[in-house]
Amino acid sequence: MTAIRTILLAGIALAGVTAPTFAQEIDVIRIGLLGGENEADRLADNQCLIDKLPAALGVKEVQLFPAADYDGVIQGLLGGTLDVAGLGASGFAAVYLQDPEAVEPFLTNVQTDGSTGYYSVALAMADSGITSIEQAKGKKLGWADPDSTSGYLVPKVTLPEAIGGADPEEFFETSFNGGHENNVLALLDGKIDVAVTWASGVGEFSEGYTSGNVRSMVDKGMLDMEDVTQVWQSPLIPNGPLVMRKDLPQEMKDKIIAFYTALPTEDYECFRAVENGDFTGYTPVTVDFYQPIIDARKSTIGG
């Protein structure tokens with residue numbers, strides 16, 4: 001466990017959908033949307049891709065597939081029924097560990113301070129009396145999703161340092177709550193005492209930081225930051241990648257990269273909606289950027 005922590009500190013099911021045959025012209029590009037936010041919001045945030053991508057890629061249609069959970073997108077990419085998706089670092093590690101040839105990462109977002117990382121944070125209710133993660137011993141802690149980097153893998157690996165080396169599964173009473181948004185809602189509803197979720201860690205806590213799940217919930221009027229307090233923050237986590245299927249034709253890959261690279265400049269509101277907050281843009285990434293997370297996932301929870 002110590003070795004894994006050191007590494008981190010250093011560093012759809014789509015029923016009825018079949019993969020396109022590349023001997024034929026590609027008419028449709030299918031984009032997977034991770035679970036953890038209600039479907040209507042995910043579709044609304046990504047509607048601009050449906051409006052813009054067909055012309056940019058030279059396809060007839062772009063389809064969005066909001067999965068119920070992270071694994072839905074992972075399986076869609078592994079099965080070849082999705083072409084593009086935004087993943088967390090652990091989600092990408094899950095795909096890579098099962099099939100290194102399935103997808104390739106190509107871009108990640110850049111925070112407003114220039115960093116390419118974010119944080120797992122633990123929230124408690126402001127009136128709970130919990131002001132540090134140690135004070136939550138024996139209480140209910142909510143994980144977001146088994147394939148979430150900030151909502152499970154990183155806190156599972158790094159929380160022990162804050163709780164005297166204890167196993168979080170024994171120190172707390174833990175549960176999965178269906179994604180980041182649902183996890184925070186479980187906290188607000190009194191079903192759990194502490195919720196782990198993700199935030200940029202940049203900007204003002206009172207505003208939900210500049211980006212992340214807490215900022216998204218604040219923007220939608222679902223969360224008032226005065227009602228919660230932050231009781232723990234992880235080491236910096238690599239921002240998740242945009243990925244695409246490795247077996248897409250190179251011409252299509254080049255068009256996809258060009259579209260997303262230009263998006264922050266050409267339509268910042270679309271970029272902000274897709275990425276859930278304020279960032280400066282995208283930067284290229286490769287598998288090497290995620291190797292610490294791949295190693296941590298392999299050692300801790302496997303593929």
Side-chain angles (χ1 to χ4, degrees), residues 8 33-38 41-42 45 67-71 73 86-91 109 111 117-126 128 130-133 136 139-159 162-163 168-169 172-240 275-279 293:
L8 282 167
L33 306 179
L34 288 179
E37 182 183 11
N38 76 72
D41 286 343
R42 281 181 285 160
D45 287 344
D69 56 20
Y70 283 38
D71 192 55
V73 173
L87 294 174
S90 184
N109 43 36
Q111 305 287 3
Y118 68 107
Y119 298 91
S120 173
V121 298
L123 304 177
M125 298 303 295
S128 67
I130 300 172
T131 58
S132 68
I133 196 67
K139 297 186 181 295
K140 297 177 180 178
L141 179 140
W143 306 125
D145 185 285
D147 292 306
S148 171
T149 317
S150 56
Y152 182 54
L153 177 62
V154 166
K156 180 175 175 63
V157 170
T158 61
L159 267 173
I163 55 176
E169 305 289 355
F172 310 102
E173 181 183 336
T174 63
S175 62
F176 287 102
N177 290 295
H180 286 275
E181 188 172 277
N182 286 336
N183 203 32
V184 175
L185 289 175
L187 173 68
L188 299 178
D189 291 342
K191 297 176 181 177
I192 57 176
D193 301 295
V194 177
V196 292
T197 187
W198 71 284
S200 67
V202 179
E204 299 297 326
F205 174 80
S206 61
E207 299 174 358
Y209 297 114
T210 56
S211 62
N213 178 59
V214 283
R215 179 55 184 265
S216 176
M217 293 183 72
V218 168
D219 287 348
K220 291 188 288 188
M222 301 174 69
L223 175 64
D224 185 335
M225 296 303 288
E226 291 186 357
D227 294 336
V228 297
T229 185
Q230 183 173 309
V231 298
W232 174 80
Q233 179 173 296
S234 74
L236 192 68
I237 304 168
N239 285 346
E275 293 297 335
N276 283 319
D278 289 312
F279 298 87
I293 298 295

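Worth saying up front: this structure is predicted, and the values here are computed from it rather than measured.
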| request: Test Leu34 against Tyr70 for side chain to side chain contact (heavy atoms under 4.5 Å, CB included), laying out the working first. | output: CA-CA 5 Å; Leu34 288 179; Tyr70 283 38; 4.1 Å; yes
| message | Any side-chain to backbone donor/acceptor pair from Ser128 onto Met125? Under 3.5 Å, distance only. | response | yes
| query | Does Asp224 use its side chain to pair, donor to acceptor, with the backbone of Glu226 at less than 3.5 Å? | reply | yes
| Inter-residue atom distance Thr197.OG1 - Leu187.CG, 0.5 Å rounding | 10.5 Å
| Roughly how far, to the nearest 0.5 Å, is the CG atom of Leu153 from the CG atom of Asp145? | 12.0 Å
| Below 4.5 Å, heavy atoms only, C-beta onward: do Leu159 and Phe172 meet side chain to side chain? | yes
| message | Can you tell me how the ring of Trp143 sits relative to the ring of Phe176, calling it parallel under 30°, perpendicular over 60° and tilted otherwise? | response | tilted
| field | Smallest separation among heavy atoms of Ala199 and Tyr209, with atom names | value | CB-CD1, 3.5 Å
| Which is it for Val194 and Trp232 under the side chain to side chain contact (heavy atoms under 4.5 Å, CB included) test, yes or no, and what are the steps along the way? | CA-CA 10 Å; Val194 177; Trp232 174 80; over 6 Å; no
| query | Which atom pair, heavy atoms only, marks the closest approach of Gly277 to Ser211? | reply | CA-CB, 3.7 Å
| said: With a 3.5 Å distance limit and no angle check, can you tell me whether Asn276 reaches the backbone of Ser216 through a side-chain donor-acceptor pair? | reply: no
| request: Would you please say whether a donor-acceptor pair under 3.5 Å links the side chains of Gln230 and Tyr119? | output: no
| request: Check whether any side-chain N or O of Thr210 sits under 3.5 Å from a backbone N or O of Gly203 as a donor-acceptor pair, and report yes or no. | output: no
| Arg215 versus Glu207, closest heavy-atom pair with distance | CD-O, 3.1 Å
| message | For a quick test of reading the model, state the closest non-hydrogen atom pair linking Ile133 to Ala162 and the distance between them. | response | CG2-CB, 3.8 Å
| request: Can you measure from CE (Met222) to CD (Glu181) and round to the nearest 0.5 angstrom? | output: 3.5 Å
| said: What's the separation between atom NZ in Lys191 and atom CG in Asn177, rounded to the nearest 0.5 Å? | reply: 8.0 Å
| query | Looking only at atom types and distance, does a side-chain atom of Asn183 sit under 3.5 Å from a main-chain N or O of Gly142, one as donor and one as acceptor? | reply | yes
| field | N/O donor-acceptor pair under 3.5 Å between Gln111 side chain and Gly117 backbone | value | yes
| query | So which heavy atom on Val228 is nearest to which on Leu188, and how close? | reply | CG1-CD2, 4.2 Å
| field | Under 3.5 Å donor-acceptor, Ser90 side chain and Thr149 backbone | value | no
| Main-chain N/O of Lys140 paired to Asp193 side chain as donor or acceptor, under 3.5 Å | yes
| Is there a donor-acceptor pair under 3.5 Å between the side chain of Ser234 and the backbone N or O of Ser120? | yes
| field | Spatial distance of atom CG (Leu123) from atom CG (Leu223) [nearest 0.5 Å] | value | 7.5 Å
| Nearest heavy atoms of Pro155 and Pro168, plus distance in Å | O-CG, 4.3 Å
| field | Distance, nearest 0.5 Å, that separates OG of Ser148 from NE2 of His180 | value | 3.0 Å
| message | Test side chain to side chain contact (heavy atoms under 4.5 Å, CB included) on Tyr152 and Thr174; report intermediate values, then the result. | response | CA-CA 11 Å; Tyr152 182 54; Thr174 63; over 6 Å; no
| request: Mind running side chain to side chain contact (heavy atoms under 4.5 Å, CB included) on Leu33 and Val73 for me, showing each step along the way? | output: CA-CA 7 Å; Leu33 306 179; Val73 173; 5.7 Å; no
